[in-house]
**Q** 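I have a structure I would like to understand better, so I am pasting it below and will then ask my questions one at a time.
Keep in mind that what you see is a predicted model, and the values were worked out from it rather than measured. Counting begins at 1 with the first residue of the sequence.
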Amino acid sequence: EVLGQADPGGLWITDRGADYLGLAVGDDVEMLDGRGDLVTIPVGTVYRDLNETPRSDYWCPVQDYFIPGPPHGDLPPALVLIDSALFRDLFPNLESPPYGGVWEFPVERAGLTKETADAAIHEISGMEADINQSLTSGFPRSVRIRTDLPFIVRRSAALGEVLRSSVTPIAIVAAISALGLLAAAGSYWVDRRRTEVVLLITKGIGPGAVALKAAVEMAGAVAVGTVLGWLLALVTGPAVGPSPLIDSSARWQALLYVVVVGAVGLIAIGMVVGVRSARILDQKIRRWKTTLRIPALLGFATATILAWFGLRSGAIAVAQGDQAGRVSPLALAFPFLLFGAAILLAAEVLARMIGRRPSRQRRSPAVFLASRRIASSPTMALVLIAAAALPVATLVYSADLSRSSSSTIEAKAASFIGSDLAVAMASDRPMPVALAGSATQVTRYERVLVGDQEVDIIGVDPLTFRDGAYWHSSFSESSLEEILSLLESPDADGNLTVVVANGSITGSVVESERWDDVEIPVEVAATIPSFPGMRGSRPLLVANNGALSQWTDLGNNGRLRGFRDWVYVRDTTEPDAVAAFGDEGV
């Protein structure tokens with residue numbers, strides 16, 4: 001964003017740099033060139049600092065030159081731009097360190113999948129070898145192509161494996177439910193064609209032939225359902241998934257899977273029809289014996305309880321590098337065990353209700369016929385109930401697990417930042433009036449020492465901290481108000497009263513190599529599990545900002561080195577927060 005321009009071929013400097021140096025468009029500046037000589041260059045253009053404009057892909061390769069960096073969010077020096085011809089005149093010895101040249105070129109991202117990314121990586125490696133082979137002896141350096149694409153592909157592959165291991169149990173449940181429905185369809189085929197089946201059996205047609213007849217008759221319906229299901233997956237996957245792109249291999253793998261399930265389903269139909277045909281003339285009612293139902297129910301219930309306690313003891317592997325985080329198989333097995341136990345319990349109740357003698361009260365024909373149909377084939381009725389309930393329960397559980405994961409990620413980010421937004425202040429300034437009621441000012445220093453232990457220390461305003469900071473009830477058994485009240489009263493011995501979060505401390509004096517001889521004696525008022533703004537595994541010391549400033553302020557607007565002022569902002573959008581600070585001249 002050009003704010004003023006006299007000569008596009010002159011020096012381009014940011015408005016922040018121009019304000020700092022007291023420059024305007026057309027002024028001359030002196031700088032050292034590559035020979036060590038002072039040269040005079042006119043300021044041709046003043047542009048808005050890239051740190052104050054929306055980020056764009058164009059500036060991504062050089063973003064380290066203008067994005068605040070660790071550890072305290074300090075802004076880099078203002079980025080100065082000159083055109084290539086002037087740069088070559090000023091710095092002719094590009095072959096000598098620290099000078100160098102970089103060519104930037106983008107990878108085509110349209111339609112980029114793991115397959116095409118692997119091909120791009122192979123092509124990039126070949127380009128690097130070809131370029132180096134073609135260099136003349138006068139070229140001072142070898143060429144190296146730097147790209148994050150291999151890391152991204154490895155990370156994506158790891159995520160794919162994790163997602164596959166998570167989706168597979170759901171797919172297995174869906175397949176089992178589908179097979180259950182097909183088996184029930186085979187059973188009802190026998191009921192619907194009972195007269196025909198009896199006639200075939202009495203004429204000497206074996207159960208195997210009857211089973212084959214049923215499978216052939218239902219093969220068309222199974223084939224249509226299989227193909228439609230596959231096509232539906234190809235449509236809904238890109239529409240509701242994280243990306244509209246799908247590798248071609250995934251499409252054909254999915255087709256193979258549904259064909260296998262369809263074939264197994266036809267076999268299940270044949271087996272059910274064959275078994276029922278073999279027993280078609282046996283009019284004796286066969287019921288699911290209690291001796292089989294109860295142990296199965298107890299087994300599922302016991303496995304569910306064991307899986308639950310296994311999950312409570314920890315079932316998460318945190319992501320590191322290009323490796324994805326993993327969830328224990330117990331987290332996936334638990335819902336299936338729970339649903340299985342619930343379905344068996346429902347089946348037990350239903351079976352006992354079916355077995356009861358009908359009451360004398362008058363019932364409608366629909367209720368009477370439905371109950372008699374279930375009583376005549378209770379096993380298939382229970383299979384249908386399970387086949388309908390299991391996938392629905394699985395999808396509900398999956399949705400709840402996804403929502404829980406998203407909430408956890410948001411809470412972890414907010415606790416790390418301290419709030420929805422955290423603004424690093426260049427110096428101690430009053431908080432913008434427009435943010436009153438939704439922001440709080442804090443003072444922070446990282447990696448100080450208590451004895452040999454590395455800790456962070458943060459000063460908060462007890463009156464406004466609850467307005468701007470993120471807080472969750474799981475952070476502490478005490479409320480935020482109770483914790484802040486501990487910091488309002490000064491210590492009788494003159495020590496700095498602190499609340500320790502994210503661990504504990506064994507010493508009683510805070511010091512730093514950057515503070516010369518200043519030491520801060522502390523008195524621990526309480527220890528809590530978590531607090532907004534904690535980092536990694538380092539304990540966080542929370543103090544009253546006013547009390548902390550008595551140790552850190554050195555007079556004449558000076559402070560101990562390393563302390564930074566932050567503003568935590570909650571329930572406010574980033575543009576509104578930027579505008580509020582801009583109104584105050586920050």
**Q** Can you name the residues that form a salt bridge (Lys or Arg N to Asp or Glu O under 4.0 Å) with Asp420, not counting sequence neighbours?
**A**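 Asp420 satisfies salt bridge (Lys or Arg N to Asp or Glu O under 4.0 Å) with no other residue.
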**Q** For residues 204-214, which side-chain donor-acceptor pairs fall under 3.5 Å, sequence neighbours excluded?
**A**
unit_1 : atom_1 : unit_2 : atom_2 : d
Lys213 : NZ     : Glu196 : OE2    : 3.4
Lys213 : NZ     : Glu217 : OE2    : 2.9

**Q** List for me each residue that meets ring-ring contact (aromatic ring centres under 6.0 Å, His included) alongside Tyr568, sequence neighbours excluded, and say none if there are none.
**A**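 Once residues adjacent in sequence are excluded, Tyr568 has no partner under the ring-ring contact (aromatic ring centres under 6.0 Å, His included) criterion.
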**Q** Checking Asp148 now: which residues fulfil salt bridge (Lys or Arg N to Asp or Glu O under 4.0 Å) with it, not counting sequence neighbours?
**A**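 For Asp148 there are no salt bridge (Lys or Arg N to Asp or Glu O under 4.0 Å) partners, ignoring immediate neighbours.
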**Q** What salt bridge (Lys or Arg N to Asp or Glu O under 4.0 Å) pairs are there with at least one residue in residues 252-269, not counting sequence neighbours?
**A**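 Qualifying pairs, neighbours excluded: none.
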**Q** Identify, with sequence neighbours excluded, every residue that meets side-chain hydrogen bond (donor to acceptor under 3.5 Å, both in side chains) alongside Arg192.
**A**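 For Arg192, no residue satisfies side-chain hydrogen bond (donor to acceptor under 3.5 Å, both in side chains) once neighbours in sequence are set aside.
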**Q** Is the distance between the ring centroids of Phe531 and Phe465 under 6.0 Å?
**A**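 Aromatic pair counts; centres sit under 6.0 Å.
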**Q** Could you list the residues that satisfy side-chain hydrogen bond (donor to acceptor under 3.5 Å, both in side chains) with Asp118, not counting sequence neighbours?
**A**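 Expected list: Lys114.
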**Q** Kindly list each side-chain donor-acceptor pair under 3.5 angstrom involving residues 224-232, sequence neighbours excluded, with atom names and distances?
**A**
unit_1 : atom_1 : unit_2 : atom_2 : d
Thr226 : OG1    : Val222 : O      : 2.8
Trp230 : NE1    : Arg251 : O      : 3.0

**Q** Taking only residues two or more places apart in sequence, or in another chain, which ones meet Phe581 in a ring-ring contact (aromatic ring centres under 6.0 Å, His included)?
**A**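 Expected list: none.
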**Q** Once side-chain hydrogen bond (donor to acceptor under 3.5 Å, both in side chains) is applied, do any residues pair with Asp400, and if so which ones, sequence neighbours excluded?
**A**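 Arg403.
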**Q** For Ser419, what residues pass the side-chain hydrogen bond (donor to acceptor under 3.5 Å, both in side chains) criterion, not counting sequence neighbours?
**A**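 Testing Ser419 for side-chain hydrogen bond (donor to acceptor under 3.5 Å, both in side chains), a comparison that skips the adjacent residues, returns none.
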**Q** Tell me the salt bridge (Lys or Arg N to Asp or Glu O under 4.0 Å) pairs involving residues 221-233, sequence neighbours left out?
**A**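 Passing the test, one end in residues 221-233: no pairs.
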